[in-house]
Structures are given as structure tokens and as C-alpha cells.
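Labels below follow one simple rule: chain letters A, B, ... track the order of the sequence lines, proteins then strands, and each chain is numbered from 1.
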Amino acid sequence: MKPSLPKGTRDFTPVEMTRRNRILDSIQKVFRLHGYSQIETPAMENLTTLTGKYGDEGDQLLYKVLNSRIHESGKKNEMLDDFKRALEKNTNSELLTERALRYDLTVPFARFVVMHQNEIQFPFKRYQIQPVWRADRPQKGRYREFVQCDADVIGSTSLLNEAELVEMTRAVFSSLGLAVTIKINNRKILAGLADTVGAKDKLIDLTVAMDKIDKIGHEQVVAELVAKGLSNDSIERLKPVFDFKFESVDKTLEFLSKLLENSEIGTKGVMEVQQVLNHCGTENIELDITLARGLNYYTGAIFEVKSNEAQIGSIAGGGRYDDLTGVFGLSGVSGVGISFGIDRIYDVMEECHKWDDGLNSKDSTRVLFVNFGEAESSYCMKAARKLRESGINSEVYPDTVKMKKQMSYADDKQIPYVVLAGSEEIATGQLTLRNMVTGEQQKLNLEEIIKQMQ
RNA sequence: GUGAAUGUAGCUCAGUUGGUUAGAGCGCCUGAUUGUGGUUCAGGAGGUCGCGGGUUCGAGCCCCGUCUUUCACCCCA
């Protein structure tokens, strides 16, 4: 049969993995530097844990897992009915699917917090690096399986957390050498906007439409809002927002506080943004009043990070959610977090040629022992063990094949040193150490080789 | 889910209006050099032309379907 992969999934070669790990290390280092500790959760969750948290679009994109052994069920008639219903529209049936692959790391985290609430010290700062799955149509920068790197603080309403996440974001991308813009906004500002134009009940329609302004233009947005049932009066009052152009954070704040002065929630949103920015400064930040984000659960600050160099969707995003744990039975716990998408960050690095491969990192093989035969390779196994005990990554070529083949293996893997231990070398204890970059060879005993490697 | 493009050797790509045995560069293998890689030289292997149908005397090329990748919409990391 012809080997193939499910649509939207990928293999990663050793070269790709070293590069992915480089991104991962940068992120993980920043997370740890700020006191976040790691957790993991299962790839699968109960379907009920996930549904209804991401909005209608999100629910459509959940990968549901078909129950096993459905052929043994005693409820086949009910199952058939449920299946027919599922063919009509997106319905859930516990008889058919009670599990789903996780769609993000935030909702499983909320579930985790509630289940472990008695073991957790709040505020709880956790990070989590795991794949997530979305049944989206794949294209560039969009995969059905991708890895998210999340850092969240839960159990604290302090805006210092938002500021810290902004600083972490800056740290991650500066260590990767990528120029980015951190777009921020606040759901309370959007709510205030809906409030002041008299369209409180149309908040979601309003934000979704707003989000598209720079893509489809004012007129199209107005048309969409009319279609959603927004009154002419409301639209008229939105006009200054449509006409507003970002110049600076200060000017935007000034504009917003005037616009929203009669809205309690709107004013609160403006104050929050102001405070966050007081803590972390405005470097690399754009206050984007059209930023909305699709996920339902955000209630305060929202972030989105875009590359300044590459044309790709957001490479990180997040925000504050006031009551995600509420549905699981623990209310009054607010959290805020950010998620880095390493697959997209990889694509940006690739597009911008940011790799600067010092391919011989200390993680790859430093020394290869050439295999001359049974007795010699047995000797080399012991010698290699000695090197490994000193922390030097070493390998013995497994087959007794032509030296040319073994040398080009070392060359291909960019192994910097090769040890030649033939019968003569073994007899005298003076092994031949070849530097593969310069071509120089020295006769050294094992201790001297170890010393030279360190 | 809607609309559109794409697929030829391991990789990047040629392939004329449908016409004999489908090519190149790089990579790979062998030898020159049986204890020395990266350079050079000589030789070699490798293709159901994504897959399945159809039209035709004849299809890599035309038609239909399907899958993959990509682009736009939608949404997002």
C-alpha cells in the first residue's frame, strides 16, 4: 500500500525537530523564568467538557471520537435516530460520541483547575505545551494538528498578570530574533461600544463585524451590521469608530475614554488597558479597537501577536476569561493567558531565513567511533561509554563496512570528531582522533580525548 | 462548509499542436582511493507521469471523478 498521512498532519524530520526544539526551548525558558510550572492533560476530553466554549464555529471544528464497540450496544435504534439527526445538523449524541480531541489548552486547563482545586495554590501559574486538533480546512499556516504553548495565571485579577504576559511575549520573540506587533484590546471596551450605540444585545455581531474592517472596508461592515438587525441610529453612532485610524496608544485611549464616558463597562475597559500599559510600556504594542477574537470565553484583555515580516495569521494570542471554571462548578476564579503557536512561528522563521544553524549543537553527536570489526567495535563500545559518562554524546558505527561509508556518515550528520581505533591503536592505547572540520589527526589516549572534548 | 489553482525521479523543475524508449540539475549508489569524509573524474540505479475511469489508432498532455498541497472566503495558533 501507498503510505499516507491524514490531511493536515505532518511528520517532522531530525532537522525540523532541532529547529522546532529551538523555538520550544526559547518559549519554555521564558515561561520558567516567570515562575510558570508545567502540566499536561489528555489528548481526549469528554465531549461535554469542550462543547459550547468556543462559539458555534469552534464547535463545528471539534474532532469527535466515535465510541468504540458500538456494534455491541443494546441501543441500536436510539443510535440510528441520533445518527440521522447528526446527518441533518451538528448535534451531539453520547451514544455515538462521548469524547473529543482537545481544541485548545485553555478549556482543559479550566477543567484541570476545578478538578485539582484542593491541591492548587492560587494564584496558579501553569504552562502547557501539547498538540491540539481542529477540523479546519488546511492551508499555509493552518494545520489540523498543531502544538500550542500556553501560559496562564488563574486565581488572580491583578492586571500585573496581563503586563507580565506582554513582557513574556516580547522576551520570546526577541530571543527568536523576530519582529512582532502585539495587538491588544479589551472586551469591556467592545461591550461599552455596543452599550453606547444602543446595541447591547448585538455585542457578538458587532465585534465580529468590527474585526473585518481593515479587510472588507467600512461599507461592507455596515452592510453586515444592517443585515444583523442593527438600527440606523446605532450605525450612525458607530461612525467615529469606523473612521478612527490608529496613530498612537495615547491618542486611541483619549478617543476611547471620550467615546465611552457614559458607559460604565466601557470606561472600565479603557482604564484596564491604561493600567496594563502603565506596567509594561507601549513598546511593540498596538491598541487595536477592532481586535475581537472569536473565542467566546474572553471577558477582559485580549491579545494577538503578528509578525512584522511574514504574511501569516496570528502567531500567538490570548486574553482574560472571568468565569471559564464556572461551568465546572468553581466560580469567581478569573484567569488570563497567552498561547504561542510554534508551527506558525516555525513558518515565519523559515520565510524570514532566521535559522542561523549552528547545526552542531551540544545535543547532537560529538564523536563517532569507526567500526573496524568485532574485537575493535567491542573495545569502542567501552570507550564510548567512558565519553558518555563525561557527558560527551558519542556513537559507535553499528556495522563493519567500508571506512568511506562510515566517514561520510559522520560527514552527513556533521559529527565534528571521529575516533579510529584499529588493532594497532588498541594495542598501544593511543587512539587516532580526527577533527572533521580541519582534517587534523592526533594520537591520544582516552583520557586525553575526553579532556579535549570538554 | 463555498469558490479557485496544483500534482512528472529522494528534492527543485523541463517536457513543443496528443505521436516511438519521459529528461536536466542536485542528491543517492559503485569505482579511481581494500584505514580516511567534505573537492574532482568515470560509471550506475531510480518514474504505475497523485489515484481511478473515459475520449483516441495513440494520453504526462484532452474530459470526468477522487485524493494531496496551495490560494481566497470563514475562522484561527
Item checked: Side-chain-base donor-acceptor pair under 3.5 Å for A:R142 and B:C71 ->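 Looking at the base of B:C71, it does not pair with any donor or acceptor on the side chain of A:R142 (distance under 3.5 Å).
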
Item checked: B:C76 base / A:R134 side chain donor-acceptor hit below 3.5 Å ->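 Checked by distance alone, the answer is no.
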
Notebook entry, point to check: What about A:W355 and A:Y346, are their ring centers closer than 6.0 Å?
Noted result: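 Yes - the distance between ring centres of A:W355 and A:Y346 falls below the 6.0 Å cut-off.
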
Check: Ring centres of A:Y127 and A:F31 under 6.0 Å apart?
Finding: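 Yes, the ring of A:Y127 comes within the 6.0 Å limit of the ring of A:F31, centre to centre.
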
Next item on the list: Remember a base hit wins even if backbone is also touched, and classify A:A410 as base, sugar-phosphate or nothing at under 4.0 Å, heavy atoms.
Entry: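 The answer is nothing, as A:A410 stays clear of every strand by at least 4.0 Å.
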
Margin query: Considering every strand and a 4.0 Å limit on heavy-atom distances, what is the contact class for A:G318: base, sugar-phosphate, or nothing?
Written below: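 Since no nucleic acid heavy atom lies under 4.0 Å of A:G318, the category is nothing.
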
Next item on the list: May I ask you to decide whether A:R126 forms a salt bridge with A:D152, counting only side-chain N to carboxylate O separations under 4.0 Å?
Entry: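 A salt bridge links A:R126 with A:D152.
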
Notebook entry, point to check: Which whole number of Å gives the distance between the P atom of B:C76 and that of B:A4?
Noted result: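 To the nearest whole Å, 26 Å.
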
Margin query: Work out how far the P atom of B:C13 is from that of B:G52, and round it to whole angstrom.
Written below: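 So the two P atoms sit 25 Å from each other.
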
Notebook entry, point to check: Would you say a side-chain N or O of A:Q60 is under 4.0 Å from OP1 or OP2 of B:C75?
Noted result: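 Answer is no, no contact under 4.0 Å.
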
Next item on the list: Spell out protein contact along nucleotides 26-40 of chain B as letters: B when the base is contacted, S when just the sugar-phosphate is, - when no protein heavy atom is under 4.0 Å; keep the 5' to 3' order.
Entry: ---S-S---BBBB--

Check: Do the ring planes of A:Y297 and A:Y321 sit parallel (below 30°), tilted (30 to 60°) or perpendicular (above 60°)?
Finding: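 A:Y297 and A:Y321: perpendicular rings.
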
Next item on the list: Represent RNA chain B in dot-bracket notation, 5' to 3'. Only Watson-Crick or G-U wobble pairs with both distances under 3.5 Å count; pseudoknot-style crossings use [ ] and interstrand partners use |.
Entry: (((((.(..((((.....[...)))).(((((.......))))).....(((((..]....)))))).)))))....

Check: Considering heavy-atom distances to RNA chain B, does A:S339 or A:P138 have its closest nucleotide positioned more toward the 5' end?
Finding: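 The answer here is A:P138.
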
Item checked: With sequence neighbours excluded, residues passing salt bridge (Lys or Arg N to Asp or Glu O under 4.0 Å) with A:E395 ->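 Partners of A:E395 by the salt bridge (Lys or Arg N to Asp or Glu O under 4.0 Å) criterion, ordered by chain and then number, come out as A:K413.
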
